[in-house]
Q: 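Questions regarding the structure given below will be posed in turn.
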Amino acid sequence: MRNFNLKEKLYEHFGYLQFRQGQEEIIQQVLEGRDVLGILPTGVGKSLCFQLPSKLLSGSTVVVSPLISLMIDQVKQMKSAGFKSVVSLNSFMDHREKRVVLEHLDQYSLIYLSPEMLQNELVMYQLIKLHIDLFVIDEAHCISQWGHEFRTDYLKLSRSIEQVGNPPVLALSATATPEVQTDIKQQLVRPEMLSVVYPMDKVNMSFAVEETSSHEEKLERITQVLSHKKAPTMIYFSSRMWAERVSEELKTKVDQRIAFYHGGMEQMDRLLVQQQFMNDQLDVICCTSAFGMGVDKSNIRRVIHYHFPTELESFIQEIGRAGRDGKPCASLMLYTPGDYHLPQMFIQNELVKPEDVEGVLHSVYDIVYKQETELNDEEMSEELKLSETQWNFIKYQLEQEKLINHGPVIRDKHKWGQTTEKIQWILENRWKYKSRKLQEMVSWLHHPDCKRKKLYTPFQPDTRTPEVACCSNCGFRMEDMELDIEPYSATFTDWKSRLEKIFHQGAYHATD
DNA sequence: CTTAAGAGTCATCTGTCGTACCTTCAGCTTACACATT
C-alpha cells in the first residue's frame with residue numbers, strides 16, 4: 001500500500017507538482033500510521049497534510065476544528081475543487097439535515113467537527129460505527145491555550161480518539177513552544193508523538209516597541225503611523241470598548257477606511273467587516289483577539305498592538321497574520337505601564353482562587369443535591385458567583401472525578417475533600433503558569449537587547465537573519481519601514497485577467 | 001493669639017472584562033395559497 005509515489009498522488013488529486021516545506025514528511029509519517037505533531041508556519045498549506053491522506057486512505061478522516069466558520073470555509077473550498085465526500089457537523093445545520101448526514105456518515109471521507117460535537121452521544125454513536133483511519137486536530141495549540149479553562153472539551157479529545165478505535169493522530173499548529181508541544185502530547189496521551197517542527201520566525205518583519213504615557217499619546221502615534229502611508233493594517237485591543245472607541249476616534253483623524261471587529265458583534269456584521277478587510281475595501285481594522293484564526297489575507301503590512309496580550313504565544317499568532325506574501329511588514333507595540341492590569345484581570349476572571357475552592361465546592365454540593373430542578377451553566381455560574389470560564393473549569397474537574405453528571409449521588413464527604421485539595425493544587429499550578437506567561441510577555445516589552453531574538457528564542461534554537469530592518473533595539477524606527485505598495489491590487493485589471501479570476505474563484509488552493 | 005493658605009495624608013469611590021461552542025425556543029420575516037371586493 002505504501003509503494004505509490006506521493007508526488008504522483010499529489011498531482012493526480014490536487015494538480016500540484018511539488019510539495020511545500022514539511023508536507024511530504026508529515027504525510028509520509030501519517031500514512032505509515034505514526035502520530036505526528038506538525039508545527040508549520042502560516043501559509044504553508046497545513047490542510048493538505050490531511051486532505052491528501054484522506055484521499056489515499058480507505059476509511060474516514062475526522063478533523064477537529066475550533067471555529068465553525070473555518071470548517072465551513074474548508075468544506076466549501078474542497079467542494080468547489082471537486083471533492084464531494086466532505087462534510088462538517090455543526091449547530092448551523094437544521095435537524096433534518098443533521099439526521100440525514102449522520103445516517104449516511106460512512107459516505108464521507110473527510111468529516112469536520114468541533115470538540116464539543118464529539119461529546120454529543122448521537123454523533124459519537126455514529127462515529128464509532130465507521131472505520132476511522134486518521135484523526136486530525138487542526139489549530140492544535142487550542143488544546144493548550146483554551147482547553148484548560150475556556151473550552152474544556154479540548155481536554156476530552158484523547159477519550160474520543162480511544163472510542164473511535166485509536167486511529168493515528170495528526171495535530172497541526174503554526175505556533176507552539178516546546179512547552180506547549182509537550183502539553184499537547186500529554187493531553188492527547190501520546191508522549192511518543194513525532195514532532196515535525198519548522199522555524200516560525202518572520203524574516204520579513206521588523207519589530208518596534210514604544211512606551212507611551214497615555215491614551216492620547218497612543219492615538220497620536222497611531223495617527224502618525226497610519227498617515228505615513230496607506231496600507232492594510234490591523235490594530236489589536238484587549239477590550240471591545242477600546243476597539244470601538246479608537247476606531248471611531250481614528251476615523252476623525254485619518255482619511256482611511258476604518259472599522260472595528262469583536263466577538264460581541266452580530267454574526268452578519270462580523271462577516272461583512274471581515275470580508276471587506278479581505279477584499280481591500282477597508283484599510284484599518286480595530287479588533288480583539290476574535291479576529292485572526294482563518295484570516296488568510298496576504299498583504300497585511302502592519303500589526304499594531306494598542307494593548308499587549310496575556311502571553312507571547314498570542315502575540316506571535318497575532319503578528320503572524322502580516323506579510324504572508326513575503327514582502328516587508330512591521331509590528332508596532334505600544335504600551336503604557338498601566339496596561340498591565342487588563343491581562344491580569346483576564347487571569348483572575350478565568351482562574352478561581354485556591355482559597356475559594358472549598359466554599360465553591362460546598363455550594364456546588366448543596367445546589368446539585370438539594371435543588372430539585374437542574375440548573376444550566378449560566379444559572380450555575382451566577383449562583384456560585386463565578387465567571388463563565390471559572391465554572392467551566394470547576395465543572396470539568398468535578399466531571400473528571402465523577403462527582404457530577406455521572407448518575408447516582410455521591411455523598412462521600414471524604415471524596416469531596418480530596419477533590420477540593422486536588423483542584424486547589426491544579427489551580428495553584430495554573431496561577432503560576434499564567435502569571436509566568438504574563439511576566440514573560442512584560443519582560444519582552446522591557447527587554448533591552450534585540451527584540452526579535454528574545455521573542456523567538458523560546459520557540460526555536462536559532463533565529464534567522466531578517467531580510468528587513470530588525471527591531472527598535474537594533475536601530476529600526478517605524479518611519480523607516482519599507483512600504484512599496486502597488487496601488488490597491490486587483491481593483492483595476494483588464495477584462496482577461498478579471499475573467500480568469502472569476503473562472504478560477506472556486507479553484508482549489510491549500511490554506512492553513 | 002487667631003486665621004487663612006498650602007501641603008500632606010487617609011479614606012472612599014469609581015471604573016469595568018477576551019477568546020466559542022451547543023441547545024432550544026420565542027419571535028420575527030418571507031413566501032405563498034386562498035378568499036374577497
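Quick caveat: nothing in here was measured; it's all calculated off a predicted structure. The basis for the numbers below is simple: all heavy atoms, side chains too, and nothing from hydrogens, waters or symmetry mates. Chain identifiers are assigned alphabetically (A, B, ...) following the order of the sequence lines, protein sequences preceding nucleic acid strands; residue numbering begins at 1 within each chain.
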Q: Send over the distance from F393(A) CZ to dC21(B) C1', rounded to a whole Å.
A: 20 Å
Q: For H305(A) and F315(A), I'd like to know if the aromatic rings sit close, meaning centre-to-centre distance below 6.0 Å.
A: yes
Q: Give a yes/no answer on whether the side chain of N376(A) brings an N or O atom under 4.0 Å of OP1 or OP2 in dT24(B).
A: no
Q: Please work out if E378(A) contacts a base, only the sugar-phosphate, or nothing of the nucleic acid, heavy-atom cut-off 4.0 Å.
A: nothing
Q: Identify which nucleotide among dT24(B), dC21(B), dG18(B) has an atom closest to any side-chain atom of H95(A), counting heavy atoms from C-beta outward.
A: dT24(B)
Q: Parallel, tilted or perpendicular: which one describes the rings of F291(A) and Y261(A), with boundaries at 30° and 60°?
A: perpendicular
Q: Starting at CD of Q317(A) and ending at C1' of dG18(B), how long is that distance when rounded to a whole Å?
A: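 Computing the Q317(A):CD to dG18(B):C1' distance gives 14 Å.
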Q: Measure from the side chain of N90(A), starting at C-beta and using heavy atoms only, and say which of dC21(B), dT19(B), dC22(B) lies closest.
A: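 Nearest to the side-chain atoms of N90(A), counting from C-beta on, is dC22(B).
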Q: Nearest whole angstrom, please: distance from the P of dA20(B) to the CG of L67(A).
A: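 After rounding, the reported distance stands at 6 Å.
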Q: Any side-chain donor-acceptor pair under 3.5 Å between E313(A) and H141(A)?
A: no
Q: With the stacking rule set at 5.5 Å and 30°, tell me whether F346(A) counts as stacking on dC17(B).
A: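 Given the distance and angle limits, no, they do not stack.
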Q: Choosing from dC22(B), dT19(B), dC17(B), which nucleotide comes nearest the side chain of H262(A)?
A: dT19(B)
Q: dT16(B), dT23(B), dA20(B): which one has an atom nearest the side-chain heavy atoms of N120(A)?
A: dT23(B)
Q: On DNA chain B, nearest-nucleotide positions of P66(A) versus K98(A): which is more 5'?
A: P66(A)
Q: Is the shortest side-chain N/O distance from R240(A) to OP1 or OP2 of dT16(B) below 4.0 Å?
A: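 Result: no.
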Q: Would you tell me if any nitrogen or oxygen in the side chain of T288(A) comes within less than 4.0 Å of OP1 or OP2 on dT19(B)?
A: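 Yes.
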Q: So which nucleotide from dT23(B), dG18(B), dA20(B) ends up closest to the side chain of M117(A)?
A: dT23(B)
Q: If I take atom CH2 in residue W146(A) and atom P in nucleotide dA20(B), what distance separates them, rounded to the nearest angstrom?
A: 6 Å
Q: For dC22(B), take OP1 and OP2 only and decide whether either is under 4.0 Å from a side-chain N or O of S91(A).
A: yes
Q: Would you mind reading off the distance between F260(A) atom CZ and dG18(B) atom P, rounded to a whole angstrom?
A: 14 Å
Q: Regarding H148(A) and Y154(A), is there a side-chain donor-to-acceptor distance under 3.5 Å anywhere?
A: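 The criterion, which ignores hydrogens and geometry beyond distance, is not satisfied for Y154(A) and H148(A).
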Q: So H446(A) and Y335(A), would you call those rings parallel, tilted or perpendicular, with 30° and 60° as cut-offs?
A: perpendicular
Q: Please tell me which of the listed nucleotides, dT24(B), dC22(B), dC17(B), lies nearest to the side chain of L342(A)?
A: dC17(B)
Q: Examine dT19(B): is either OP1 or OP2 under 4.0 Å from a nitrogen or oxygen in the side chain of T389(A)? Give yes or no.
A: no
Q: Taking only the side-chain nitrogens and oxygens of R270(A), find out if one of them lies under 4.0 Å from OP1 or OP2 of dA20(B).
A: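 True: R270(A) side-chain N/O within range (under 4.0 Å) of dA20(B) OP1/OP2.
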Q: Between Q126(A) and E121(A), does any side-chain donor sit less than 3.5 Å from a side-chain acceptor?
A: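 Absent: no donor and acceptor within the cut-off.
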Q: Base, sugar-phosphate or nothing for Q119(A)? Non-hydrogen atoms, less than 4.0 Å.
A: nothing
Q: Between M345(A) (CE) and dG15(B) (P), how many Å, whole number?
A: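 Going from M345(A) (CE) to dG15(B) (P), I get 14 Å.
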Q: Please state how far atom CE in M293(A) lies from atom P in dG18(B), giving the value in whole angstrom units.
A: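 That distance rounds to 17 Å.
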Q: Atom CG of D153(A) and atom P of dC22(B): how far apart are they, to the nearest Å?
A: 10 Å
